[in-house]
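Since the structure comes first, as structure tokens, the remarks are kept for the end.
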Number of protein chains: 2
Amino acid sequence: MSPYDPSTFPAFAVTVDLVVLTVRRHALCALVVRRGEPPFQGRWALPGGFVRADEDLADAAARELSEETGLCADDPKAPAPGNGAHLEQLATYGAPGRDPRMRVVSVAHLALSPDLPAPRAGGDANSARWAPVEALLNQDGGFVREDEQPAQLAFDHGQILADGVERARSKIEYSSLATAFCPSEFTVGELRRVYEAVWGVALDPRNFHRKVTGTPGFLVPSGGTTTRQGGRPAQLFRAGGATVLNPPMLRPEI
Amino acid sequence: MSPYDPSTFPAFAVTVDLVVLTVRRHALCALVVRRGEPPFQGRWALPGGFVRADEDLADAAARELSEETGLCADDPKAPAPGNGAHLEQLATYGAPGRDPRMRVVSVAHLALSPDLPAPRAGGDANSARWAPVEALLNQDGGFVREDEQPAQLAFDHGQILADGVERARSKIEYSSLATAFCPSEFTVGELRRVYEAVWGVALDPRNFHRKVTGTPGFLVPSGGTTTRQGGRPAQLFRAGGATVLNPPMLRPEI
DNA sequence: ATCATAGTCGTCTGCCTGACGATAAACACT
DNA sequence: AGTGTTTATCGTCAGGCAGACGACTATGAT
């Protein structure tokens, strides 16, 4: 390494960008904010911001998440998910031209949250909304049948979103992370609809029920209370202490 | 985002650090270099260096890998491993105090290579060597029975190494990445010894043979030639086109 | 009362894995 | 040449798990 002299290394701006995912109305949705300034003014982008001078990367991501959504990030070291959203580092993007203004390295983070929070614009964003990831990712020539098509995301945020979605899709296979999309108490059917929305497939309710209730530590009955979402009342569960699923939940082919 | 003004955001140094792993003499080993300057002068550290002003992160990692080992990194977009080493982004470390000189954000990368290359000190390192990861990671009060104990790694490189090793251990479960530790032609037994060294377990040769030869696209017979490593001659294989193993190779419990 | 909806318990079959036995083909001895 | 050692490779068998699907239960809607 070179001797210490600030003029011997190039200066970078470091930001955190957030892929905040939730499941609403049977669809996997991402939080996007409208840019109020150039470049990409008026375009949708992932929420994010600069890392402060004496701030850790995870702290910056948790702060941005709180500013944009009001969500409180879980302690990453906690074994079981608490009341806050799951937050983990995703990947880092630093191509020289990714921000036309200057050299910016962005440490992207992935956040998973239950549906509850209404998107509220905070701090440095004009407006915020949940958009189905399918509409956000199918921007390469495909048509969009939403009333308001979200257009292509600013910067390289389309790639970052794609990587975050793929991370979520693969991680719910072998971890109990899908419970991060559910409220603190939920039914097996609600958990199944999370898997179906994230993977975009239909799962057999009977086999799914056998799998999740048979995996030790995945679900614990919450008092045995019931609720309704349509038919027969269902048992309520909380997320158990297990974090890894072994054997994993198998994603159907194709 | 704030309006563009370089004085409105803190300046960071951005580096790449490399976790270069190989398998030698039945042990998983990592490349470490001795630091020639403070801080941590004389201590072992992971190879790495500053990202240049107009250089992509992956390019910087490939450049550092080439400078330190002479290895050529594979194109990450290539489906099958070529002659070079496998290189992928691992994680980013940016705690405020991790480098006492200044605010440094390090984008760690993971490289896997066959045993062949002799470590050669390049560029900005006094000396380099392969060290068993077990000795490097068991520095928390544990004793080391090597002739020359590698002492604790500089900076937070112990954590980075641990994360890289864990990534490699889990990724060979569900991908064909273990072939990156082998030369272009190898036997089933050599591949099995890779798994055994990375996981630190013993595997049944018969079940392993059935598994790897039965997974489509994992291995392709290379002319059917044979070689010897001890007993009966073994068939030679190359890595097939498959990148994901489905169903995965199961790591034995405990 | 009947239907629709959703939840929950079983059954059966096929595939995969772990735990072996057995054979084959080299080398190192004597 | 014969014996032992080492490694590779083929088979067999039982247990576990997943996919496909039938059956029954408990609620609300008509």
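As a basis for the values below, the full set of heavy atoms in this structure was taken, side chains included, without hydrogen atoms, waters or symmetry mates. Chain letters run A, B, ... following the sequence lines, proteins first, then strands; residues in each count from 1.
- Separation of the F208(B) and Y195(B) ring centroids falls under the 6.0 Å cut-off.
- Residues forming a side chain to side chain donor-acceptor pair (under 3.5 Å) with K211(A) (at least two apart in sequence, or on another chain): none.
- A side-chain donor-acceptor contact under 3.5 Å links E196(A) to the backbone of L203(A).
- Position along DNA chain C of the nearest nucleotide to D204(A) versus P252(B) favours D204(A) as the more 5'-ward residue.
- Both the sub-6.0 Å distance and the 45° axial angle are not jointly satisfied by R25(B) relative to the ring of W130(B).
- Atom-to-atom, CG of L203(B) to P of dC20(C) comes out at 15 Å; the value is rounded to the nearest Å.
- Atom CG in N207(B) sits roughly 18 Å away from atom P in dC15(C) (whole-Å rounding).
- R210(B) places its CZ atom 14 Å from the C1' atom of dG21(C), with the value rounded to the nearest Å.
- A search for side chain to side chain donor-acceptor pair (under 3.5 Å) contacts involving E185(A) returns S222(A), R238(A), not counting sequence neighbours.
- Under the salt bridge (Lys or Arg N to Asp or Glu O under 4.0 Å) criterion, no residue pair touches residues 215-226 of chain A, with sequence neighbours excluded.
- The nearest heavy atom of DNA chain C to L250(B) and to R193(A) marks one nucleotide each, and the one closer to the 5' end goes with R193(A).
- The list of salt bridge (Lys or Arg N to Asp or Glu O under 4.0 Å) pairs with a residue in residues 200-209 of chain A, not counting sequence neighbours, reads D204(A)-R206(A).
- Across the protein-nucleic acid pair, L191(A) atom CG and dT8(C) atom P stand 12 Å apart, rounded to whole Å.
- Once you apply a 4.0 Å limit to the heavy atoms of chain B, the touched nucleotides of DNA chain D run 5' to 3' over dT6(D) to dT12(D).
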Contact state string [nucleotides 22-30 of chain C, B base, S sugar-phosphate only, - no protein heavy atom under 4.0 Å]: B-BBS----
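- Looking at every heavy atom in both residues, H109(A) comes nearest to A58(A) through CE1-CA, 4.2 Å.
- Spacing between atom NE2 of H209(B) and atom P of dT17(C) amounts to 15 Å, rounded to whole angstrom units.
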